[in-house]
Amino acid sequence: MKILVLSDSHSSLRFMRQCIAKFQPEQVIHLGDHYDDGQVLVQENPNIRFHQVPGNCDYFRCLPDLPKILCYDIGGVRFYMTHGHLHGVKSGMGHLISEARKAEAQVVLFGHTHSPVCFCEGGMYIMNPGSCGSGGGSAGIVQIECGAVAECRLVTQEELISS
């Protein structure tokens, strides 16, 4: 199962649409900052399963009682999904990683900083796909096979153009 991870779209849908067209994901995760951008994609792609959390810029863009953290299994892999502002990720990932470990997550996804990062630490994949709405655009791909992470990587605008 291919999962496209997006964050911090800030009303810029072009890159997100390009990623969906190129990668043909079975599922999409949108980590906030312009939650309504994700809702547009839901309407445009009714056959793709979407998971969304609101970000710090979504106060007036979605219902206030939406969960800020999602933690559940996708394809047999435990995901911890949040925008990151509530975990203070601009000052470091320690609190986020600690909470994700408590939740027994295997994949931790967050945004907020607009800085893409993807690495594995102690068997847990940690990804910030960066911003799909600024700086040329970046996103993430998580490939799940047989209940395990087969691939976890970043995607850039340059990759979309070059292929």
Side-chain angles (χ1 to χ4, degrees), residues 1-72 74-75 79-93 95-96 100 105 107-119 125-144 149 151-163:
M1 168 188 321
K2 188 178 295 178
I3 303 167
L4 175 64
V5 184
L6 304 166
S7 188
D8 296 282
S9 49
H10 297 282
S11 296
S12 181
L13 296 167
R14 183 172 173 259
F15 180 76
M16 295 193 300
R17 288 176 174 138
Q18 288 175 326
C19 285
I20 289 172
K22 176 171 176 70
F23 297 110
Q24 299 291 302
E26 285 86 5
Q27 301 197 27
V28 173
I29 297 170
H30 186 267
L31 300 168
D33 275 358
H34 292 216
Y35 187 93
D36 48 340
D37 294 346
Q39 293 299 292
V40 169
L41 294 178
V42 166
Q43 295 300 314
E44 293 176 356
N45 300 279
N47 297 322
I48 298 176
R49 170 105 193 264
F50 277 77
H51 312 268
Q52 285 189 261
V53 293
N56 60 298
C57 294
D58 288 323
Y59 187 73
F60 295 109
R61 293 181 170 273
C62 61
L63 297 172
D65 59 346
L66 288 172
K68 310 294 187 279
I69 298 167
L70 297 176
C71 186
Y72 48 76
I74 302 173
F79 280 74
Y80 188 95
M81 301 164 273
T82 188
H83 182 64
H85 63 294
L86 299 176
H87 294 82
V89 296
K90 286 189 177 181
S91 298
M93 292 180 271
H95 179 60
L96 172 67
V107 177
V108 181
L109 303 173
F110 70 102
H112 190 53
T113 67
H114 294 210
S115 299
V117 64
C118 183
F119 62 95
Y125 291 88
I126 300 159
M127 176 193 285
N128 179 335
S131 174
C132 58
S134 66
S138 62
I141 297 287
V142 178
Q143 182 79 34
I144 306 295
V149 177
E151 178 182 42
C152 188
R153 70 182 180 94
L154 297 170
V155 175
T156 63
Q157 178 70 40
E158 291 77 28
E159 181 177 343
L160 291 177
I161 294 169
S162 67
S163 54

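For clarity, every value in this text was computed on a predicted model and none was experimentally measured.
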Where does the angle between the aromatic ring planes of H87 and H95 fall among parallel (under 30°), tilted (30 to 60°) and perpendicular (over 60°)? tilted
Full working for side chain to side chain donor-acceptor pair (under 3.5 Å) between H34 and S9: CA-CA 6 Å; H34 292 216; S9 49; 5.8 Å; no
Taken to the nearest 0.5 Å, the spacing of H10 NE2 from C132 SG works out to 8.5 Å
Step-by-step side-chain contact (heavy atoms from CB on, under 4.5 Å) determination, V5 to I141: CA-CA 6 Å; V5 184; I141 297 287; over 6 Å; no
Residues in side-chain contact (heavy atoms from CB on, under 4.5 Å) with N128, at least two apart? F110, T113, V117
Give a yes or no answer on whether the side chain of K68 reaches the backbone of L66 with a donor-acceptor pair at less than 3.5 Å. yes
Report yes if some heavy atom in the side chain of R17 is under 4.5 Å from a heavy atom in the side chain of V40; otherwise report no. yes
S131 side-chain N/O to D8 backbone N/O, donor-acceptor pair under 3.5 Å: yes
So, does D36 use its side chain to make a donor-acceptor pair with the main chain of C62 at under 3.5 Å? no
Can you name the nearest heavy-atom pair linking M81 to V53, along with the distance? O-CG1, 3.7 Å
Report the residues that fulfil ring-ring contact (aromatic ring centres under 6.0 Å, His included) with H85, sequence neighbours left out, ordered by chain and then residue number. H83, H112
When you compare the side chain of Y125 with that of V142, does any pair of heavy atoms fall below 4.5 Å? no
Say you draw a straight line from CG of L31 to OG1 of T82; how long is it, rounded to the nearest 0.5 Å? 8.0 Å
With side chains defined as the heavy atoms from C-beta onward, is the minimum distance between L4 and I29 less than 4.5 Å? no
Look at the side chain of Q52 and the backbone N and O of Y35, then say whether any donor-acceptor pair between them is shorter than 3.5 Å. yes
Check: L154 and S138 side chains under 4.5 Å, non-hydrogen atoms: no
Within a reach of under 6.0 Å around CZ of R14, are more than 12 heavy atoms found that belong to other residues, nucleotides or ligands? no
Check step by step if salt bridge (charged side-chain N to carboxylate O under 4.0 Å, His left out) holds for K22 and E159. CA-CA 10 Å; K22 176 171 176 70; E159 181 177 343; 5.7 Å; no
Is E44 close to M16 at the side-chain level, that is, under 4.5 Å between some pair of heavy atoms? no
Test side-chain contact (heavy atoms from CB on, under 4.5 Å) on H30 and L41 and set out the steps. CA-CA 10 Å; H30 186 267; L41 294 178; 5.6 Å; no
Please name the pair of heavy atoms, one in P129 and one in S7, separated by the smallest distance, quoted to 0.1 Å. CG-CB, 3.8 Å
Within 6.0 angstrom of F119 CZ, more than 12 heavy atoms from elsewhere: yes
Please name the pair of heavy atoms, one in F15 and one in G137, separated by the smallest distance, quoted to 0.1 Å. CZ-C, 3.7 Å
Distance-minimising heavy-atom pair for C152 and M127: SG-CE, 3.5 Å
H114 and P116: which non-hydrogen atoms are nearest, and at how many Å? O-CD, 3.6 Å
For Y72, what residues pass the ring-ring contact (aromatic ring centres under 6.0 Å, His included) criterion, not counting sequence neighbours? H51
I need the L13 CG to I20 CD1 distance, nearest 0.5 Å. 9.5 Å
I need the F79 CZ to I3 CD1 distance, nearest 0.5 Å. 3.5 Å
Nearest-0.5 Å distance that lies between atom CG in D37 and atom CG in L6: 10.0 Å
Taken to the nearest 0.5 Å, the spacing of R61 CZ from Q39 CD works out to 12.5 Å
